[in-house]
Asks: 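Let me give you the structure first, and then I'll get to my questions.
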Amino acid sequence: MALIADYLAQGGHMLVLLLLAPLLTGWVRTLKAQLLRRRGPSLLQPYRDLFKLLRKEVVLADSASWLFRVAPYLIFAALWVAAALVPSFASGLPFSWTADLIAIVALLGTARFFLALAGLDVGTSFGGIGSSREMMIASLAEPAMLMMVFTLSLLAGTTELSAVARFMLTAEVGLRISLALALLALIMVAIAENARIPVDNPATHLELTMVHEAMVLEYSGRHLALIELAASLKLLLYLSLLICIFAPWGMASVGEGPGAYLVGLAAYLVKLAVGGFLLALFETGIAKMRVFRVDQFLGAALMLGLLGTLLLFVTRSL
Amino acid sequence: MPLLPVLLSLPVVLLAVGVFAVAAARQPGCSRLVYGLTLAIAMTALGLALAQLLAAPAPATLTLPLGLPWLGAHFRLDALSAFFLIVVNLGGVVASLFALGHYGQHEPEPERVLPFYPAFLASMNLVLLADDAFTFLFAWEFMSLSSWALVMAHHRESATARAGYLYLVMACFGTLALLLAFGLLAGPSGGYDFATIRAGALTPELAALALVLVLLGTGSKAGLVPLHVWLPLAHPAAPSHVSALMSGVMTKVAVYGFIRITFDLLGEPVWWWGGLVLALGGISAVLGVLYALMQQDLKRLLAYSTVENIGIIFIGLGLALAFQGNQMEAGAALALTAALLHAFNHSLFKSLLFLGAGAVLTATGERNMERLGGLIRGMPWTALAFLIGAAAIAALPPLNGFVSEWLTFQAILVSPELPQWLLKFLVPAVGALLALSAALAAACFVKAFGITFLGRPRSPAAAQARETDCYALTALFALAALCLLAGILPGLVVDGLAPVVGLLNGDARLIAQHDQPWLTLVPLVEVKSTYNGLLVLLFMALSGTVAVFLIHRLASNAVRRGPAWDCGFADANPAFQYTASSFSQPIRRVFGSVVFQAREQIFMPPPGDSRPARLEVKWRDPVWERVYAPLAAAVTAVSGRCNSLQYLTIRRYLRLVFGVLVLLLLGIVLWR
């Protein structure tokens, strides 16, 4: 019976993520609009967009191959699985040991690999520009993220995320320089990986500096819907990651029953809302940078992550 | 039944096949016969080696009255040689299968390939079975020379001659270093069989010198930076199934040589050995993949990526040495498992990718990615297999490349326990280099697959490419299936490696993986990090299928074809696509401007001038310019000076001889 409840919690976690992802995107968009004194779209607009796209036919370029049609499903599946591995309202769900943080980073890599290939598939100049820049950004963002993982796992003694979250709830964590460096590195990576300002602009289609939108320019219909949903899931994943590592308060442990789950869910939603607000505030207050400044931005993230790891190799008390 | 005599007779049969091929190479059907026989022999050897590794009996030895009269030829079959026999013969099986098809039949000069191919395979088998220094070096040199002959198979191509010359020089240098290393190991008593060497002990200084010599000898064959220069020239020059063997398998024989001598013969390691090997591995990993990103030649890109993967293997080996030097057996077991698993995995996906490149070469006659593109339409199955190989080498879950990199990361994460300060700084830095090389490898293989197989054809040959034959496809998909299986069932492979790790690590090994729930990979019990490729695959398949089903059932499944959108400016000319060099331009600007001093120059004609604008990219090879060019200049200068010694008069020659004699006698007197 307890096992069934645990599996239900796991399934509920996956569904909650899927349903919440467009809402988070809508929340950030609305906030950004209101910060600019515009009325902005409704919170539910991303859902309407998704449903509209799902019902439309797909217009495929003549030169598109089977990979172009398979890629959206693969990207969506990889990102959904990756997002499901990050605890939201409860830690220690039945399949949380399937993959650790390193594997989550690598699953994001799988999604990016196929997205970049899809960008090259039709054989257009915009697709190529997006793919090649995305891989350049990833070549710095992924090691920075892994260094952050190193820092965490040296502290927590494991790379498994549920165990890390539980460790961060204990008193022995305290305030540490290495954690501050890891937090900074993770935020910088999250901004770059989610194609947010100042690295990329999620709201543009007609700029030579665009990266993510250039890759998906040829997508339409249900394929585009899946790509958009996957992008929303990725934003949710990174926010969940930040929450579960650096603000795990209120998170339930598996087997504590529906009451604790509801409390955990409420806490999670509040933290997501705050996170989304901070993101919108940050994005409104900063200008986009040139493409070849991004390497310095992410190089700094990599160095911060490495510094955190080095500190912990020297002494466990920092 | 004792397996060692059977395994020893197989290389002899292979050599006989080679001799037969010398006589019959031009006969019709000979190539099919030769490859069929090598396939059968390699298959037998593979089965026997697998049986040996799984049964894990005591090591078997055999002495034959061959070789040096006072030494004899010693052979030994233990878990380590059995594991590498599996790697070698698996490569041999798929390469022979590939060559059975169209590729092997249309060799322009079969007499330059057919005799040497079985000999090459035989020599690699012999290296792994050798149990004394003479047999080892003999087989090693035979391996170098037979592979050199195969590199020179297409000797009329201009680049091949240079590649072959450089390979020969580096191979001789490597063997010389190994010869000196064995001399040190054998000591003044001259006990050249491995059992005597194992029993003896060297002073720390001599052991350190021997380690450096072994690193030079095996590192030059494996392609460690800065000894890699011959590899990206020689591996692509050979016929593709030989390239697969050289890159996927022969580099592993070099890794075997390093492991055999360092972990088995050299005695108790010192911690700084690990530091040295780690640093070399980290540099090789990053430089290798950066070089690979700069390439436009598909096979050369693959060869440089071999340098990267050898670096990853040596990172694992260096960690293992550092742990062993500090008596931390659990960490050493983890690092060794990671290194051996990566060696196995790399042999799978690198053979797959080289064979795929061979299929592309047969179909289009092109290795230059700037003239390929769009092959996924003409060659969908080759493309699928190549895609699996590319995803595996880019360390993407749920494939096998990720598992070995994950284990290496886990080994790095237990290393803060290492007491030495140098290692405390070096290990995280190497971890960062490893993470960087993994991310760059993903970019590199997006480029390799995306530019070659996706987009629109950049030349008529690419547009008319047709699917390769069924032999080649069988070989490709066998390897792709193994990549997937080793990725989702890594616990079983790790269990297979356990006897090898136990042999090298004082019987300390990882816990048995096959009785973990859901076949999860659990490297260390106290560190609760786990990975389960099977479940990751299942979940991805499930969510992907559910998405497909729901969307096609409930929403829309209509498709309309139309011209590409491209922001309203879709030019039909395929030159408007991104090319291999433009794809790597951002990375070239970020990393290449530092490492390779890459510079871009734009030549813009003045207004009114109708000449086209030109973009010129210049980059320099730091290793070649800093190490090899001065070395070559010094050798040339010295030999120029010595040249005059050839034209002396008889009086001067006599004076020279007399002078040398006096010097030597003086030397003896002083030494006494």
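Throughout, a chain's letter reflects where its sequence line sits, starting with A, and its residues are numbered from 1.
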Asks: Less than 4.5 Å to any heavy atom of chain A: does that hold for the side chain of B:Thr530, its backbone, both, or neither?
Replies: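 Both backbone and side chain of B:Thr530 come within 4.5 Å of chain A.
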Asks: If I measure from the heavy atoms of chain B, does A:Ala138 come under 4.5 Å with its side chain, its backbone, both, or neither?
Replies: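 Contact with chain B involves the backbone of A:Ala138 alone.
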Asks: Between A:Ser132, A:Gly128, A:Ala141, which shows the greatest number of heavy-atom pairs under 4.5 Å with chain B?
Replies: A:Ser132
Asks: Quick one: what part of B:Arg377 sits under 4.5 Å from any heavy atom of chain A, side chain, backbone, both or neither?
Replies: side chain
Asks: Can you tell which of A:Leu306, A:Leu312, A:Leu74 has the highest number of heavy-atom pairs within less than 4.5 Å of chain B?
Replies: A:Leu306
Asks: Please identify, among B:Val536, B:Thr520, B:Asn557, the residue contributing the most non-hydrogen atom pairs under 4.5 Å to chain A.
Replies: B:Asn557
Asks: Between B:Phe453 and chain A, which part of the residue has a heavy atom less than 4.5 Å away: side chain, backbone, both or neither?
Replies: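 Answer is neither: B:Phe453 stays 4.5 Å or more from chain A.
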Asks: Given that the side chain runs from C-beta out, which part of B:Ala390 has a heavy atom under 4.5 Å from chain A: side chain, backbone, both or neither?
Replies: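 Both backbone and side chain of B:Ala390 come within 4.5 Å of chain A.
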Asks: With a 4.5 angstrom heavy-atom cut-off, which part of A:Trp80 approaches chain B: side chain, backbone, both or neither?
Replies: side chain
Asks: Heavy-atom cut-off 4.5 Å, strictly under: side chain, backbone, both or neither for B:Ser415 against chain A?
Replies: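 The answer is both parts of B:Ser415.
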Asks: Where does B:Ala394 contact chain A at under 4.5 Å (heavy atoms): side chain, backbone, both or neither?
Replies: side chain
Asks: Would you mind checking which part of A:Leu54 comes under 4.5 Å of any heavy atom in chain B, side chain (CB onward), backbone (N, CA, C, O), both or neither?
Replies: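 Both backbone and side chain.
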Asks: Give, as side chain, backbone, both or neither, the part of B:Ile551 having an atom under 4.5 angstrom from any heavy atom of chain A.
Replies: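 It is the side chain, since no backbone atom gets that close.
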Asks: With under 30° as parallel and over 60° as perpendicular, where do the rings of B:Phe402 and B:Tyr531 fit, or are they tilted in between?
Replies: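 Perpendicular, since the angle between the ring planes exceeds 60°.
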Asks: First locate atom CD1 of A:Ile227, then atom OH of A:Tyr73, and finally report the distance between them rounded to the nearest 0.5 Å.
Replies: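 It is 10.5 Å, given to the nearest 0.5 Å.
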Asks: Between A:Phe95 and chain B, which part of the residue has a heavy atom less than 4.5 Å away: side chain, backbone, both or neither?
Replies: side chain
Asks: Below 4.5 Å from any heavy atom of chain B, which atoms of A:Phe76 appear? Answer side chain, backbone, both or neither.
Replies: side chain
Asks: Where on B:Glu417 is there a heavy atom nearer than 4.5 Å to chain A: the side chain, the backbone, both, or neither?
Replies: side chain
Asks: Report the option among A:Asp121, A:Val81, A:Val294 that has the most heavy-atom pairs separated by less than 4.5 Å from atoms of chain B.
Replies: A:Asp121
Asks: Check the surroundings of atom NZ in B:Lys424: do more than 12 heavy atoms from other residues, nucleotides or ligands lie under 6.0 Å from it?
Replies: yes
Asks: With distance as the sole criterion, is a donor-acceptor pair present between the side chains of A:Thr159 and B:Gln410 under 3.5 Å?
Replies: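 Indeed, the side chains of A:Thr159 and B:Gln410 share at least one donor-acceptor pair under 3.5 Å.
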Asks: Select, from A:Leu146, A:Thr98, A:Thr158, the one with the greatest count of heavy-atom pairs under 4.5 Å involving chain B.
Replies: A:Thr98
Asks: Hey, are the side chains of A:Ser220 and B:Trp565 touching, using non-hydrogen atoms and a 4.5 Å cut-off?
Replies: no
Asks: For A:Leu226, which atoms come within 4.5 Å of any heavy atom of chain B: side chain, backbone, both, or neither?
Replies: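 Side chain only.
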Asks: Where on B:Ile412 is there a heavy atom nearer than 4.5 Å to chain A: the side chain, the backbone, both, or neither?
Replies: both
Asks: I want to check something: taking the side chain as every heavy atom from C-beta on, are B:Glu467 and B:Pro380 in contact at a cut-off of under 4.5 Å?
Replies: yes
Asks: Check the surroundings of atom CH2 in A:Trp66: do more than 12 heavy atoms from other residues, nucleotides or ligands lie under 6.0 Å from it?
Replies: yes
Asks: Any donor and acceptor pair, going by atom type alone, linking the side chain of B:Tyr578 with main-chain N or O of A:Gly130 inside 3.5 Å?
Replies: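 Judged by distance alone, no pair lies under 3.5 Å.
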Asks: Looking at A:Val59, A:Ile102, A:Thr309, which makes the most heavy-atom pairs under 4.5 Å with chain B?
Replies: A:Ile102
Asks: Do A:Ser153 and A:Leu101 come within less than 4.5 Å of each other through their side chains, counting heavy atoms only?
Replies: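 When only atoms from C-beta onward are counted, A:Leu101 and A:Ser153 do not touch, as no gap falls below 4.5 Å.
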Asks: Can you say whether A:Phe51 sits under 4.5 Å from chain B via the side chain, the backbone, both, or neither, judging by heavy atoms?
Replies: neither
Asks: Please say whether more than 12 non-hydrogen atoms of neighbouring residues, nucleotides or ligands are located less than 6.0 Å from CZ in A:Phe292.
Replies: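 More than 12 within 6.0 Å, yes.
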Asks: Non-hydrogen atoms of chain B under 4.5 Å away: do they reach the side chain of A:Ala156, the backbone, both or neither?
Replies: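 A:Ala156 has no heavy atom closer than 4.5 Å to chain B.
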Asks: Contact part of B:Phe539 toward chain A, heavy-atom cut-off under 4.5 Å: side chain, backbone, both or neither?
Replies: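 Looking at B:Phe539, backbone and side chain both touch chain A.
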Asks: Ion pair present between A:Arg112 and A:Glu193, side-chain N to carboxylate O less than 4.0 angstrom?
Replies: yes
